[in-house]
There are 2 protein chains.
Amino acid sequence: MRRRLQQAALELFGERGYELTTAAEIAAKAGVTERTFFRHFADKREVLFDGETALSDILNSALREAPAELGPWDALFRAFEAAERLFVENRSFAEPRHRLIERSPALQERALAKTRSLIAGLASALRERGVPDHAAMLAAQMGMAALGHAVACWFDDGSSGLGDHLAQAFRKVRDLSASSPGIG
Amino acid sequence: MRRRLQQAALELFGERGYELTTAAEIAAKAGVTERTFFRHFADKREVLFDGETALSDILNSALREAPAELGPWDALFRAFEAAERLFVENRSFAEPRHRLIERSPALQERALAKTRSLIAGLASALRERGVPDHAAMLAAQMGMAALGHAVACWFDDGSSGLGDHLAQAFRKVRDLSASSPGIG
DNA sequence: ATGTTATTGTCAGTGACTGACATTATCTGT
DNA sequence: ACAGATAATGTCAGTCACTGACAATAACAT
């Protein structure tokens with residue numbers, strides 16, 4: 001049922017756009033009532049954000065299983081490497097979805113919130129590895145920024161694999177932050 | 001009028017919380033109609049997010065005026081230094097507002113969106129300095145993460161100034177990303 | 001005083017979302 | 001196959017965010 005609703009929503013959003021599609025229409029297309037729609041999804045946006053637990057699970061377990069002697073930055077890199085498969089497999093599904101989100105501020109807000117909760121999960125896993133509170137959040141945000149950068153470059157330039165772009169992104173973060181402001 | 005509405009909203013949100021306060025109540029407390037409220041603010045959340053242009057302006061002009069030979073990381077540091085005053089002066093107003101936002105997912109989403117548009121502005125200013133497209137976004141995100149970290153530490157430990165925390169945050173980013181994943 | 005313009009009030013309407021309760025599957029043990 | 005429990009769905013009424021259209025009023029220039 002959830003799948004049917006998600007499918008109907010994707011198609012309608014694709015045709016009329018997110019704001020011009022009512023929840024009742026989605027429900028009707030799926031053959032149910034509007035009320036049923038809101039029993040499956042907390043709100044209209046949520047119908048597009050449902051596969052995110054998989055990524056979170058992979059990242060968290062990868063962080064837990066990473067060698068204890070690894071620092072947060074290397075641990076994050078390993079975690080993202082472990083999630084590479086997920087991105088590659090979902091690419092064809094993720095791209096149209098991304099275009100939808102781009103066109104609607106409301107959806108962008110929700111996407112940001114989802115990313116934020118992913119970051120919070122990463123930070124929490126880093127804290128369990130002994131990283132201090134705020135530093136864990138900082139590292140998680142840096143890592144997520146690097147991941148996003150890698151994915152963006154990967155979308156632009158498919159000739160290299162996501163893994164290559166990821167390693168490059170991590171290097172870029174190091175190089176960008178290499179100078180010492182406040183000293184010079 | 002905007003001020004009156006914002007003031008009324010702040011008080012009501014403080015008493016009953018954001019979700020339990022209706023736009024009509026805010027308007028009534030300010031002595032106007034609900035319709036007038038929505039003429040001044042695009043939506044109910046926006047009443048709490050209105051002073052953000054000041055920060056954006058300072059950062060952008062600081063980035064434009066920074067010496068051209070400075071790399072993105074140092075330029076960002078200078079920009080944040082230029083905005084320090086703004087944070088110090090608004091601290092007493094920002095703290096209760098922050099507590100309100102923390103308590104409401106809807107407000108958190110909006111706050112994230114505002115931060116995002118700030119980051120986008122930074123990235124755009126960096127591009128004008130010659131930083132390539134995606135790298136500009138990456139650097140802007142890193143900088144914003146550092147700034148957020150500095151502010152968080154500053155809230156926790158007021159004994160040092162925000163400037164000190166900022167320099168420390170930028171150092172932390174460098175140190176965290178210093179290792180070379182994929183090599184070891 | 002008169003015309004202009006910006007701000008507000010009024011009203012009717014749409015659409016997201018919720019609570020309460022009835023109805024209908026779906027499943028379980030016998 | 002049957003009765004009873006459990007879960008998913010339908011129905012309905014209602015609240016609230018938000019919008020468009022138009023009237024009323026205030027502020028201001030001429």
Side-chain angles (χ1 to χ4, degrees), chain A residues 1-53 97 100-114 117, chain B residues 1-53 97 100-114 117:
Chain A
M1 186 74 260
R2 290 174 85 87
R3 303 287 174 204
R4 283 239 309 273
L5 284 166
Q6 288 176 331
Q7 188 58 35
L10 261 177
E11 292 174 18
L12 288 178
F13 290 166
E15 296 169 13
R16 304 174 215 177
Y18 170 81
E19 350 268 349
L20 293 182
T21 306
T22 74
E25 288 167 343
I26 301 172
K29 179 151 190 164
V32 291
T33 313
E34 184 188 13
R35 191 68 181 87
T36 297
F37 175 90
F38 285 111
R39 284 206 181 90
H40 285 280
F41 303 100
D43 57 61
K44 192 179 150 194
R45 309 172 192 177
E46 206 64 21
V47 73
L48 281 181
F49 299 87
D50 230 26
E52 314 261 349
T53 57
R97 201 187 78 121
L100 270 183
I101 293 175
E102 256 181 346
R103 287 195 194 117
S104 157
L107 292 176
Q108 284 176 42
E109 284 195 8
R110 178 56 51 87
L112 286 174
K114 293 294 182 183
S117 91
Chain B
M1 186 75 261
R2 288 176 87 88
R3 302 287 174 205
R4 283 238 309 273
L5 283 165
Q6 287 175 331
Q7 187 58 35
L10 261 176
E11 292 173 19
L12 288 177
F13 290 167
E15 295 168 13
R16 304 175 215 178
Y18 171 80
E19 353 267 348
L20 293 182
T21 305
T22 74
E25 287 168 343
I26 300 172
K29 179 150 188 164
V32 291
T33 312
E34 183 188 13
R35 191 65 182 86
T36 298
F37 176 90
F38 286 111
R39 283 207 182 89
H40 285 279
F41 303 101
D43 58 59
K44 191 179 149 193
R45 307 171 193 179
E46 206 66 18
V47 73
L48 281 181
F49 299 87
D50 230 25
E52 314 261 350
T53 58
R97 200 187 80 120
L100 270 182
I101 294 175
E102 257 181 344
R103 287 197 194 116
S104 157
L107 291 177
Q108 283 175 43
E109 284 194 9
R110 179 56 52 86
L112 286 174
K114 293 294 182 182
S117 88

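Lettering of chains follows the sequences in order, A, B, ..., and the numbering in each one begins at 1.
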Mapping B:Gly31 and A:Lys44 onto DNA chain C by nearest heavy atom, which one lands closer to the 5' end? B:Gly31
Phosphate contact (D:dA8 OP1 or OP2) by A:His40 side-chain N/O below 4.0 Å: no
C:dG15 P sits how many Å from A:Arg16 CZ, rounded? 11 Å
Would one find a side-chain N or O of A:Thr33 under 4.0 angstrom from OP1 or OP2 of D:dG10? yes
What is the separation between atom OH on A:Tyr18 and atom P on C:dA16, rounded to the nearest whole Å? 8 Å
Which nucleotide, D:dT9, D:dA17, C:dG15, lies nearest any side-chain atom of A:Met1? D:dT9
Below 4.0 Å: OP1/OP2 of C:dG9 and any side-chain N or O of B:Thr36: yes
Interatomic distance where CZ belongs to A:Phe38 and C1' belongs to D:dC16 [whole Å]: 13 Å
Please confirm whether A:Lys44 makes a cation-pi placement over A:Tyr18, using NZ or CZ under 6.0 Å from the six-membered ring centre and within 45° of the ring normal. yes
Nearest-0.5 Å distance, CZ of residue B:Arg4 to CE of residue B:Met1: 4.0 Å
Nearest-angstrom distance from the residue atom CG of B:Leu12 to P of D:dC16: 14 Å
Nearest of D:dC12, D:dC18, C:dA16 to any side-chain atom of A:Arg35? D:dC12
For B:Glu109 and B:Lys114: C-alpha separation, side-chain torsions, deciding distance, then whether salt bridge (charged side-chain N to carboxylate O under 4.0 Å, His left out) applies. CA-CA 9 Å; B:Glu109 284 194 9; B:Lys114 293 294 182 182; over 6 Å; no
Would B:Arg103 count as a cation-pi partner of B:Phe13, with NZ or CZ less than 6.0 Å from the six-membered ring centre and within 45° of the ring normal? no
Does A:Arg2 make a cation-pi contact with A:Phe41 (under 6.0 Å, within 45 degrees of the axis)? yes
Whole-Å gap separating C1' (C:dT18) and CD (B:Glu19): 14 Å
If you only use heavy atoms from C-beta on, which nucleotide in C:dC17, C:dC21, C:dG15 is closest to the side chain of A:Arg39? C:dC21
Nearest whole Å is fine: how far is D:dC18 P from A:Leu20 CG? 17 Å
Choose from C:dT8, D:dA17, D:dC18 the nucleotide whose nearest atom is closest to any side-chain atom of B:Asp43. D:dC18
Whole angstrom value for the distance that separates P of D:dC16 from CZ of B:Arg45: 17 Å
D:dA8 C1' sits how many Å from A:Leu5 CG, rounded? 13 Å
